[in-house]
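By convention in this document, chain letters (A, B, ...) are assigned in the order of the sequence lines, proteins followed by strands, and residues within each chain are numbered from 1.
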There are 2 protein chains.
Amino acid sequence: MEKSTNNQSTSQRILDIAERLVQTRGYNSFSYGDIAAELGVTKASLHYHFPSKGGLGHRLIERYEATLLAALADIDQGTNDPISKLRRYADLYATVLHNNRMCCCGVLSAEYGTLPPPMQEALRHYFDVNERWLAVVLDSGREAGRLNFEREPVEVARLLVSSLEGANMIAYSYGDPKRFERTAELLLEAFEPKT
Amino acid sequence: MEKSTNNQSTSQRILDIAERLVQTRGYNSFSYGDIAAELGVTKASLHYHFPSKGGLGHRLIERYEATLLAALADIDQGTNDPISKLRRYADLYATVLHNNRMCCCGVLSAEYGTLPPPMQEALRHYFDVNERWLAVVLDSGREAGRLNFEREPVEVARLLVSSLEGANMIAYSYGDPKRFERTAELLLEAFEPKT
DNA sequence: GTCTATAGGTGGATAGAC
DNA sequence: GTCTATCCACCTATAGAC
């Protein structure tokens, strides 16, 4: 706010474009040139906002995680039913597909070996956050008798993240969001209490 | 066999190296230069065997699928128990991780939007093959009363492929094959008949 | 904050000698 | 089949003017 009031705005627009490019092409398949062309500036200008591509990628993951946390808080505030929470969680992945994208962090996991260490760490942290939120929903839901599953909540949470990430990417390859939605529904109905 | 008897051998070695590079770095993050350096030849020599990178990538998927089909035939020949078949199928993904790699086609699915159309088609065909084999195992296993699940076998097969692919990539990011193995076990035990 | 200009490297691919 | 040499496009990044 003090100086250059539109600095943040430009940075955000850069991140918006970069995010979409990662979600459709991957981290190693987009360039400063792609962003510059779309934003209508030169490549050099981008380096003012993000000196290195690795730094941009790192910020991208941090922002993606912050957006997720807000969405999870929204779910927690919107419903107390654990089944509804899981459905709305799966809907986050579905929405990405309807925007003709994949999950940013799912894509990055496939490129894990090529990412700079700070991005690798941020990526694992993103998955940890997903896992922890799901584990709480699962644990308390079962405690309340509204979810049915065996084994440790954390391990089931990992299964959910893995399944949804995998289904997200494969459905993208088929250009078919419905394919994801059916798979997610199949996955989640296993948690409904037996009547 | 007729002429240049070691032609196939060199091509295979190129494919071996390319395959490992895709499984660890992705299709867009390896170059002819990487292969040439490892094989001890020049980049130009590689173009004799594979004129274009897209052609190389296409052959890579075809060979990967052929290897899979052989592994599936081996499973079919080795056991009749559907649970054992599913476990051995999941073991294919685990073996990849123990070799410090991801599933080739899982990685490629994350780069789908950047692949030349022939590779996109071959990729979907690979997933189709997995799905079909699993659907047969699931359908006949349930018919024989040795598997327990509801819904269409094809849809359950898709869930299995998605979950295993996703778990494969995330476990790779954590450098932890055990993480995959626990998730796979959790996934498969849901299919055991209730005693 | 954005520009021009450029550095220094790597990408896939080709021509032609051997 | 493999080599040298080369092309041209593209990459990330920096210097310095405006």
Side-chain angles (χ1 to χ4, degrees), chain A residues 1-19 21-22 24-61 108 111 113-120, chain B residues 1-22 24-61 107-108 111 113-120:
Chain A
M1 295 296 186
E2 310 280 1
K3 50 181 176 179
S4 59
T5 168
N6 62 342
N7 178 11
Q8 201 184 34
S9 169
T10 299
S11 296
Q12 290 297 317
R13 274 193 294 168
I14 292 171
L15 288 172
D16 287 343
I17 295 171
E19 183 175 279
L21 290 171
V22 168
T24 53
R25 315 183 63 77
Y27 176 75
N28 292 305
S29 299
F30 85 90
S31 68
Y32 272 47
D34 295 328
I35 301 175
E38 189 164 334
L39 199 56
V41 298
T42 61
K43 292 187 290 176
S45 299
L46 300 181
H47 282 281
Y48 168 81
H49 299 279
F50 298 97
S52 77
K53 190 182 178 185
L56 195 166
H58 191 200
R59 279 284 296 123
L60 208 56
I61 301 176
L108 291 175
E111 301 179 287
T114 70
L115 303 178
M119 286 185 69
Q120 294 181 331
Chain B
M1 293 296 184
E2 310 281 0
K3 51 182 175 180
S4 60
T5 168
N6 63 341
N7 178 13
Q8 201 186 34
S9 169
T10 299
S11 296
Q12 289 299 316
R13 274 192 295 168
I14 293 170
L15 288 172
D16 287 342
I17 295 171
E19 184 176 279
R20 201 199 67 246
L21 290 172
V22 169
T24 53
R25 314 183 63 76
Y27 176 75
N28 291 306
S29 299
F30 86 90
S31 68
Y32 273 48
D34 295 329
I35 301 175
E38 190 165 333
L39 199 57
V41 297
T42 61
K43 290 189 293 174
S45 299
L46 300 181
H47 281 281
Y48 169 81
H49 299 280
F50 298 96
S52 77
K53 190 183 178 185
L56 194 166
H58 191 199
R59 280 283 296 123
L60 208 55
I61 300 176
V107 172
L108 292 175
E111 301 179 286
T114 69
L115 303 178
M119 286 185 68
Q120 295 181 330

Novice: Does A:Y32 reach the main-chain N or O of A:S52 with its side chain, forming a donor-acceptor pair under 3.5 Å?
Specialist: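 The answer is yes, because a donor-acceptor pair under 3.5 Å joins these two groups.
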Novice: Within this structure, what is the CG-to-C1' distance between B:L56 and C:dG11, rounded to whole angstrom?
Specialist: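 Rounding to the nearest Å, CG of B:L56 and C1' of C:dG11 are 15 Å apart.
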Novice: In this structure, how many angstroms lie between the C1' atom of D:dT12 and the OH atom of A:Y27, rounded?
Specialist: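 After rounding, the reported distance stands at 10 Å.
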Novice: Under 3.5 Å, is there a donor-acceptor pair between the side chain of B:E111 and the main chain of B:N28?
Specialist: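 A pair under 3.5 Å: yes.
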Novice: So do B:V107 and B:Y27 actually touch side chain to side chain, heavy atoms under 4.5 Å?
Specialist: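 No, their side chains stay 4.5 Å or more apart.
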Novice: Out of curiosity, B:I17 CD1 to B:L39 CG, how far, rounded to the nearest 0.5 Å?
Specialist: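 Answer rounded to 0.5 Å: 4.5 Å.
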Novice: Could you tell me how far apart B:L21 (CG) and C:dG11 (P) are, to the nearest whole angstrom?
Specialist: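 Nearest whole value for this atom pair: 11 Å.
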Novice: Give the nucleotide from the list D:dT2, C:dT14, D:dT12 with an atom nearest to the side chain of A:K43.
Specialist: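 Among the listed nucleotides, the one closest to the side chain of A:K43 is D:dT12.
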Novice: Of the options C:dT2, D:dT12, C:dA13, whose atoms approach the side-chain atoms of B:H47 most closely?
Specialist: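 Minimum distance to the B:H47 side chain belongs to C:dA13.
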Novice: Where the side chain of B:T42 is concerned, which of D:dT4, C:dC3, C:dA13 is the nearest nucleotide?
Specialist: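 It is D:dT4.
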Novice: Assign B:S31 to base, sugar-phosphate, or nothing according to its heavy-atom contacts below 4.0 angstrom with the strands shown.
Specialist: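 Counting heavy atoms under 4.0 Å across all strands, the contact made by B:S31 is with sugar-phosphate only.
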Novice: Taking CG from B:L46 and C1' from D:dC3, how many angstroms apart are they, rounded to a whole number?
Specialist: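 Roughly 12 Å, once rounded to whole Å.
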Novice: Expressed in angstrom and rounded to an integer, what is the separation of B:Y32 atom OH from D:dT2 atom P?
Specialist: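 That distance rounds to 14 Å.
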Novice: Looking only at the side chain of B:K53 (C-beta and beyond, no hydrogens), which of the listed nucleotides C:dG12, C:dG11, C:dT2 gets closest?
Specialist: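 My answer, after comparing the listed nucleotides, is C:dG12.
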Novice: Which whole-number value in Å describes the distance from A:I14 CD1 to C:dT2 P?
Specialist: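 The distance from CD1 of A:I14 to P of C:dT2 comes to 8 Å, rounded to the nearest Å.
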Novice: Mind checking B:F50 for me? I need base, sugar-phosphate or nothing, with any heavy atom below 4.0 Å counting as a touch.
Specialist: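 B:F50: no heavy atom of the nucleic acid under 4.0 Å.
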Novice: State, with a plain yes or no, whether a side-chain heavy atom of B:H58 is found less than 4.5 Å away from one of B:F50.
Specialist: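 B:H58 does not reach B:F50 side chain to side chain.
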Novice: Could you check how far NE2 of A:H49 sits from C1' of D:dT14, rounded to whole Å?
Specialist: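 Computing the A:H49:NE2 to D:dT14:C1' distance gives 16 Å.
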Novice: Rounding to a whole Å, what distance do you find between A:D34:CG and D:dT12:P?
Specialist: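 Going from CG in A:D34 over to P in D:dT12 covers 8 Å.
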Novice: So if I take every side-chain heavy atom of A:A44 and compare against D:dA13, D:dA15, C:dG11, which nucleotide ends up nearest?
Specialist: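 So the nucleotide nearest the side chain must be D:dA15.
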